[in-house]
Amino acid sequence: MDERIEEESTEKVPLNFLERIIEDDLANGRVPDNTIVTRFPPEPNGYLHIGHIKSICLNFGLAQKYQGRCHLRFDDTNPEKEDMEYINSIKSDIRWLGFDWGKYEYHASDYYQQLYEIAVRLIQEGKAYVDSLSAEQLKEYRGTLTEPGKNSPDRDRSIEENLRLFEEMHQGKHPEGSYILRAKIDMASPNLNLRDPALYRIKFASHPRTGDTWCIYPMYDFTHPISDAIENITHSICTLEFEDHRPAYDWATDIDGIEHAPHQYEFARLNINYLVMSKRRLLNLVKLGIVDGWDDPRMPTISGIRRRGYSPESMKDFISRIGVAKVESVVDYSLMEFCVREDLNKRATRLMVVLDPLKLVIDNYPDDKVEYFEATDNPEDPSSKTHQIPFTKELYIEREDFMEDPPKKYHRLYPGNEVRLKYAYYITATSVVKDADGNVVEVHCTYDPESRGGAAPDGRKVKGTSHWVSATEGVTIEARLYDKLFQTEYPGKATGNYLDDLNPDSLKIVTDAKAEPEILNAKVGDYLQFVRNGYFCVDGKVSTKEKLIFNRTATLKDSWAKLKEKMGV
RNA sequence: UGGGAUGUAGUGUAAUGGUAACACAGUAGAUUCUGGUUCUGCCUUUAGGGGUUCGAAUCCCUUCAUCCCAGCCA
């Protein structure tokens, strides 16, 4: 026991740069009460996507790891874009991932009064002023990346005048766009965020939470750092594009009365190839009707992947595997697929479902006989339960599992070849029935009664095993076969328009798949594997008892498909 | 032509002055009542150039490349 502990403590667990910072701060007594406090600060103006999962796992994960806490704070400072609908979806998405913010739920709008008072104080201290420049003039005065800006004529307005005007803005006496409150920092700063950034703007918009109480709303650069300070956030983690805002963050938290100013740290946001992640582009897909909605199983939104059948565990594993750093990076989609397959392989219930049915008739099997075979729910689980599958003379097999004229290395069913029907019998194909166009519509075979259970007493082996469903005892279901929404690694890279790279085959609907009766027990949230076809789940939105609809979460790896391609078949 | 940041296998992440590694992808094989799983092998790496040092991915100088910033968005 002691040895083990020693072993563990000497074992070097690689830390990411954020963990290093936190451990260093903790070790050097820089953290009040030795309690780190992080926050996840979504703006409620859209649905959470996979990129947010990284931020959620980071903020909640770090808090968990160091026995601190993580606040959920809605960054609701722009009433024109935000909505209660989003607030609710965000909460349910975070819960789905398995994180709990407990009582620490906040809204930046809770701080509007405090923010207002701080703004007044800044004016009194000569650190902020009311500017009447128009948006266009503001732009002119700001300068460019290479040229410094110039001071607004209003910059030297008296404190009394500023106070009066700001109060009038507050009271709604001035129209939108007529005035803004600006920080007085440095119009010549090489960092544009420091060229007297806007602190407050006038908006006669109703806020989802504060209603019409306010007609002036604080800006991000002012609200965010102060909200962090109010909540005693110790480590404020955000994405790389805010790096340039850090001086503004420090400016805002450098006000009297803040004992332990929070600090901002930036990490690289998550990018995944074959996916688009920006809210704008996702919204567009929804608006144009290219997808079924924000929760379309092809969408990289949390609600989308959830409906697709991804498990929260697999996504958390994915996030832990990609790591955290400051380098802009693009993660392979295949890693995410690997993670979901690995997780689902361990937990999915196996079912036999034929997606593209081909009739198979066993000529030497009794006409009306029904016998049952026992199938393991999950062979990966030693304590797995079993269920019964009915077997009859007429069955369906996968059309792909029979070829009249097979290529080399094809070891499924073809005339004269013997294969196994999983759990049941060895069969040998004898003849085919074709339609007028020459398509095979029925395969006839004979079975070996001695091979009952799927093995021959004489020890002879077969190379192929097919799944099957009884033609008379099976049930019909709908299967929705999803693939990547985009067919290029970087959608839009070639033409500039990401819609040019949509995958025309991102959804194939199979309305007459045949399934073993056990499928009737499948519930929303169950993880299933249709043997040899992939991982599936019950569609939580449209599936009904009368019409069962399943979504394909991911295919199984298919080395035969690769081989076929290589052989040029 | 301003400022900020970043460069390690195809991709992502370790190694924090002491033998460049792990995972995914790729590839070859073994096992298998899922052409799945599992197992084994292989492939490929410090952006370039200089310097410090017994020793550099790591420190210094320099060049190059990429990303972000000119909302009254966050």
Side-chain angles (χ1 to χ4, degrees), chain A residues 12 14-16 20 41-43 45 75-78 80-82 108 131 133-135 138-140 142-149 176-182 189-195 197-203 216-217 219-221 223-224 238-247 266 268 273 279 321-339 341-342 345-346 350 352 375-376 379-380 409-412 419-424 426 453-455 461-467 529-534 555-564:
Chain A
K12 271 196 223 156
L15 300 177
N16 64 48
R20 244 171 241 153
E43 184 189 9
N45 70 344
D75 226 339
D76 54 352
T77 56
N78 189 348
E80 287 168 354
K81 295 185 177 179
E82 296 150 8
D131 201 339
L133 250 31
S134 69
L138 227 34
K139 198 174 174 181
E140 275 173 43
R142 187 155 31 232
T144 67
L145 291 177
T146 52
E147 300 157 31
E176 285 187 16
S178 57
Y179 290 106
I180 57 168
L181 182 72
R182 299 178 77 181
S189 172
N191 181 343
L192 303 237
N193 297 304
L194 259 26
R195 316 244 260 231
L199 262 25
Y200 268 91
R201 75 287 215 193
I202 300 169
K203 273 183 198 287
I216 53 171
Y217 291 94
M219 301 286 292
Y220 171 87
D221 273 339
T223 313
H224 200 86
C238 63
T239 44
L240 250 29
E241 69 269 26
F242 290 101
E243 224 152 13
D244 284 346
H245 292 251
R246 196 184 332 131
E266 308 86 12
N273 55 12
K279 275 180 193 170
R321 281 169 187 267
I322 59 174
V324 199
K326 295 195 68 149
V327 206
E328 296 245 24
S329 56
V330 182
V331 174
D332 271 339
Y333 186 91
S334 63
L335 180 62
M336 197 168 72
E337 281 206 306
F338 168 82
C339 290
R341 285 189 186 119
E342 187 182 57
N345 177 49
K346 281 183 289 196
R350 270 64 169 175
M352 293 209 284
T376 312
E380 300 296 316
K409 295 191 181 175
Y410 183 87
H411 42 249
R412 276 117 95 145
V419 299
R420 170 171 38 235
L421 292 177
K422 193 173 172 70
Y423 297 122
Y426 282 10
K461 301 271 189 198
V462 289
K463 281 195 153 179
T465 299
S466 284
H467 58 283
Q529 184 195 105
F530 292 178
V531 176
R532 302 209 303 140
N533 271 321
T555 58
L556 258 25
K557 277 215 265 182
D558 192 349
S559 54
W560 166 241
K562 262 185 201 170
L563 225 196
K564 268 199 303 193

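We name chains A, B, ... by the order of the sequence lines, and we start the count at 1 in each one. The basis for the numbers below is simple: all heavy atoms, side chains too, and nothing from hydrogens, waters or symmetry mates.
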Taking any heavy-atom pair under 4.0 Å as a contact, classify [X]: base, sugar-phosphate, or nothing.
| X | value |
| --- | --- |
| Asp221(A) | nothing |
| Glu43(A) | sugar-phosphate |
| Arg142(A) | sugar-phosphate |
| Leu556(A) | base |
| Tyr333(A) | nothing |
| Asn78(A) | sugar-phosphate |
| Val462(A) | nothing |
| Pro42(A) | nothing |
| Ala135(A) | base |
| Lys422(A) | base |
| Ile216(A) | nothing |
| Val531(A) | base |
| Leu138(A) | base |

What are the atom names and distances for every N/O pair under 3.5 Å that joins the protein to nucleotides 67-69 of chain B?
residue : atom : partner   : partner atom : Å
rC67(B) : O2'  : Glu328(A) : OE2          : 2.3

With a 4.0 Å limit, can you tell me whether [X] has a side-chain N or O closer than that to the phosphate oxygens OP1/OP2 of [N]?
| X | N | result |
| --- | --- | --- |
| Lys203(A) | rC73(B) | yes |
| Ser559(A) | rG36(B) | yes |
| Arg321(A) | rA14(B) | no |
| Arg532(A) | rG35(B) | yes |
| Thr77(A) | rA74(B) | yes |

>> Any salt bridge linking Glu342(A) with Arg321(A)? Criterion: basic side-chain nitrogen under 4.0 Å from a carboxylate oxygen.
In response: yes
> Looking at Glu80(A) and Lys203(A), does any basic side-chain N land under 4.0 Å from a carboxylate oxygen?
Replying inline: yes
> What residues, two or more places apart in sequence or in another chain, satisfy side-chain contact (heavy atoms from CB on, under 4.5 Å) together with Tyr423(A)?
Replying inline: Met352(A), Phe373(A), Ala375(A), Thr376(A), Ile389(A)
In terms of side-chain heavy atoms of [X], which of [options] is nearest?
| X | options | value |
| --- | --- | --- |
| Gln529(A) | rU34(B), rG36(B), rG35(B) | rU34(B) |
| Asn16(A) | rA14(B), rG36(B), rG10(B) | rA14(B) |
| Met219(A) | rU11(B), rA74(B), rU34(B) | rA74(B) |
| Lys562(A) | rG35(B), rG36(B), rG26(B) | rG26(B) |
| Arg412(A) | rU27(B), rA74(B), rG35(B) | rG35(B) |
| Leu563(A) | rC72(B), rG35(B), rA74(B) | rG35(B) |
| Ser334(A) | rA25(B), rU34(B), rG35(B) | rA25(B) |
| Arg350(A) | rU34(B), rU6(B), rA70(B) | rU34(B) |
| Thr146(A) | rG26(B), rU1(B), rU13(B) | rU1(B) |
| Glu243(A) | rA5(B), rG2(B), rG10(B) | rA5(B) |

Quick test: give all pairs of protein nitrogen or oxygen and nucleotides 19-22 of chain B nitrogen or oxygen below 3.5 Å, distance rounded to 0.1 Å.
none

Just verifying a value: how many Å separate [X] [atom1] and [Y] [atom2], rounded to the nearest 0.5 Å?
| X | Y | atom1 | atom2 | result |
| --- | --- | --- | --- | --- |
| Glu82(A) | Asp75(A) | CD | CG | 8.0 Å |
| Gln529(A) | Glu380(A) | CD | CD | 8.5 Å |
| Arg532(A) | Thr465(A) | CZ | OG1 | 7.5 Å |
| Asp221(A) | Thr77(A) | CG | OG1 | 10.0 Å |
| Asn273(A) | Asp332(A) | CG | CG | 5.0 Å |
| Arg195(A) | Arg142(A) | CZ | CZ | 9.0 Å |

> Can rG71(B) be described as syn, meaning its chi torsion is within 90° of 0, or is it anti?
Replying inline: syn
> Would a line drawn from the ring center of Phe242(A) to the ring center of Tyr220(A) be shorter than 6.0 Å?
Replying inline: yes
>> Quick check: any donor-acceptor pair below 3.5 Å linking the side-chain of Glu266(A) to the base of rG4(B)?
In response: no
> Which pair of non-hydrogen atoms, one from Lys409(A) and one from Leu563(A), has the smallest distance, and what is that distance?
Replying inline: CD-CD1, 4.0 Å
> Between Thr144(A) (side chain) and Thr146(A) (backbone), is there a donor-acceptor pair under 3.5 Å?
Replying inline: yes
>> Determine whether a donor-acceptor pair (N or O, by modelled atom type, separation under 3.5 Å) exists between the side chain of Arg420(A) and the backbone of Gly454(A).
In response: yes
>> Is it true that, when you exclude Lys139(A) itself, more than 12 heavy atoms of the residues, nucleotides or ligands shown sit nearer than 6.0 Å to its NZ?
In response: no
Integer angstrom distance from the [atom1] of [N] to that of [M]:
| N | M | atom1 | value |
| --- | --- | --- | --- |
| rG41(B) | rA5(B) | C1' | 41 Å |
| rU53(B) | rC42(B) | P | 39 Å |
| rG50(B) | rA9(B) | C1' | 26 Å |
| rA56(B) | rC22(B) | C1' | 22 Å |

>> Return whichever of Phe338(A) or Ser178(A) has its heavy-atom-nearest nucleotide of RNA chain B closer to the 5' end.
In response: Phe338(A)
> So which one's nearest nucleotide on RNA chain B is more toward 5', Ala268(A) or Tyr200(A)?
Replying inline: Ala268(A)
>> Under 5.5 Å centre to centre and under 30° between planes: does that hold for Trp560(A) and the six-membered base ring of rG35(B)?
In response: yes
> Ring of His224(A) versus six-membered ring of rA74(B): centres under 5.5 Å and planes under 30°?
Replying inline: no
>> Once side chain to side chain donor-acceptor pair (under 3.5 Å) is applied, do any residues pair with Arg201(A), and if so which ones, sequence neighbours excluded?
In response: none
> Can you name the residues that form a side chain to side chain donor-acceptor pair (under 3.5 Å) with Lys279(A), not counting sequence neighbours?
Replying inline: Asn45(A)
>> Partner lookup for rG71(B), please. Criteria are Watson-Crick or G-U wobble with both distances under 3.5 angstrom; report none if nothing qualifies.
In response: none
> rG71(B) P sits how many Å from Arg195(A) CZ, rounded?
Replying inline: 11 Å
Protein-nucleotides 39-45 of chain B N/O pairs closer than 3.5 Å?
none

